[in-house]
Every structure is written in structure tokens, then in C-alpha cells.
Amino acid sequence: MSKEAFGIDIGGSGIKGAPVNLSKGRLATDRLRIPTPQPSTPDAVAETVSQLLTAFQVSPELPVGVTFPAVIQQGVAKTAANVDKSWIGTDVNALLSEKTGHDVFVVNDADAAGIAEMKFGAGKNRRGVVTIVTLGTGIGTAVFSDGKLVPNTELGHLPLHGDAAERYCADSARDREELGWEEWAGRLQEYFDMLEFLTNPDLIIIGGGVSKKHEKYLPLLNTRAEIVPAKLRNEAGIIGAAQLARKEAKRKAKLAEKAEKKQG
Ligand code: BGC
């Protein structure tokens, strides 16, 4: 099986995709971004995902991994904080596979970013508890213990000042409320105090688009754990989704091989 797969990152404002070189852990070509349709209903988003795959002429054999900003259990979306509510209960794997004609594998966006950072980025070879926190429209989290992921932790929804923490201190709150870096860092400090109190990570990795401006706010934070920016920046989701899709394709191929052997 080739060391390539296709990754797609479905976000609240943009849907981005690119082929991924999985030996090197980076995009094989520039990514393409299409604005997320509004309302972001399952059918409209599936159409955009199809457009991306067509634009890259992705061959049907290439595994396709997709990130989604929600709790994903066995391919089904269980929540929808920053996308159309009609996603709740949708079998995302089935919908996207049917609409695109590719075998699509879906995963929570922060979990995908975390998987990529652990293999190729700031979490490489790190044991203990590593927590990736993505700061974007919402706050996504991925928690690893000795390199093993506990999926769907959703620590961006911890309550803070009477609402989900992400409403108070995601990057979108900085934009919406026009917060300066210091003021935003003050809010993040409250969030990380709570996160550390509850989960005691050894390392915190900050992802999301704003991770590239880390000098503006990371030095203002005081955490017990080491805190560093993601190395793969905003591409981590695409890379992680591709990694997981390839793993899943391998697993399926093995199962099919076993079944064939049994029969013949
Ligand atoms: C969602 C998470 C997602 C995060 C980042 C939150 O609102 O509940 O599933 O990982 O946003 O997109």
C-alpha cells in the first residue's frame, strides 16, 4: 500500500484538503480551501468534500480521511457545537462515502491534529500525558497517555463563567470581542488552570491557526506543564486524518484477506 493518503479538514469556515506524504508527515502538494457552505448541512458539506476530491482527481484506491468538529463515535456525529445541528446522529462515514464514491474515514478534528503532532510534530517520542488544545472557532482537545489517544475528550466544553469555555476563550472569542493579546491570555490562563487541575498533563501543545502567533500569548501564560506551539500548525488535522484513513484501509484489507483465506 502506498505511503500516501488524502486528508480533508472540515471546519466552521473552511474545508481544506490535500494529498499527504505519510513517510514525511507533510502535505504532498499545496492544500485547497473551499469556504464551508452556510448553512453547513450534511448534504451541502458532502457536496463540497466531493468538489475537493474531484479538484485533486483523487483515485478511488487512495484512503480518504476527514476531520469533523464534533464527537465522533463509530463514524456517527454525536454533537454539533459549531456546525449545523442536523449533523447530530448523522453517520458521517456512510454519508461522505456514498456522496463521494470514496471510502471515507471520519475522526474528531482535535483528535486528528493530535495524532499527527504525536507522530511527526511537537509530541513526537513524548510519553506521559500530552494534551493538544486547538484554538479556533471552538476549542478542541486530544489527550494522550504514553502515546495512546483517549478520543472525544471535548475539554473545550468545560464550564467557565456559566458557559462552555470555548465561548469565553477560543480564538473566535478574541475576534468577536476584539480582545487584545494580554486580555485573551488572561482568559486562557483561567482555562489552563482548570485543565491542569483536572488532568495534570506533562505537556500541552497549542494548535489551530492562532498557534503561528504563539509569541504573542504563550509567554504570558504560566502553566505547570511545558506548553509549546504545534509544529504542524494548521495542517495537523489534514495529516492526522490521512494517517488514520490509511491505518483503517490497512485494517480492512487485512480483514478481507483473512475472510478470503477462510473461504478458499
Ligand atoms: C467541538 C469539538 C471540536 C472543537 C474544535 C468544539 O466545539 O465540540 O468536537 O474538536 O470544537 O473544532
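Order of listing sets the numbers, starting from 1, for every ligand and every atom in it. In what follows, residues are counted from 1 in the order of the sequence shown. This one's a predicted model, so the numbers in the text were calculated from it and none came from an experiment.
The shortest contact between atom 5 (C) of ligand 1 and any protein heavy atom is with D109 OD2, 3.4 Å.
Atoms of ligand 1 found under 4.0 Å from any heavy atom of I139 (numbered from 1 in listed order, with element): 4 (C), 5 (C), 6 (C), 11 (O). For ligand 1, the atoms closer than 4.0 angstrom to any heavy atom of G140 are 4 (C), 5 (C), 10 (O). Residue H157 has at least one heavy-atom neighbour below 4.0 Å for each of these atoms of ligand 1: 1 (C), 6 (C), 7 (O), 8 (O).
Ligand 1 lies less than 4.0 angstrom from a heavy atom belonging to N82.
Residue contacts with ligand 1: N108 is placed with a nitrogen or oxygen under 3.5 Å of a nitrogen or oxygen of the ligand (distance criterion only). Inclusion of A70 in the set of residues having an N or O under 3.5 Å from an N or O of ligand 1 is warranted.
A ring pair (Phe, Tyr, Trp, His ring centres under 6.0 Å) check over residues 239-264, counting only residues at least two apart or in different chains, returns nothing.
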For Q189 and D193: C-alpha separation, side-chain torsions, deciding distance, then whether side chain to side chain donor-acceptor pair (under 3.5 Å) applies.
CA-CA 6 Å; Q189 183 68 53; D193 283 347; 3.0 Å; yes

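Both the backbone and the side chain of P69 come within 4.0 Å of ligand 1, judged by heavy-atom distances.
A donor-acceptor pair under 3.5 Å is absent between the side-chain atoms of W87 and the main chain of A77, judged by distance alone. At distances below 3.5 Å, at least one donor-acceptor pair connects side-chain atoms of K85 with backbone N or O atoms of A80.
Among K78, E154, E166, the residue whose heavy atom lies closest to atom 8 (O) of ligand 1 is E154.
Between Y168 and H161, the ring planes lie tilted relative to each other; the angle falls in the 30° to 60° range.
In this structure, L62 is not a member of the same hydrophobic cluster as F105, with clusters built from ILVMFWY side-chain heavy atoms closer than 4.5 Å.
Using a 4.0 Å cut-off between a side-chain N of Lys or Arg and a carboxylate O of Asp or Glu, K99 and D43 qualify as a salt bridge.
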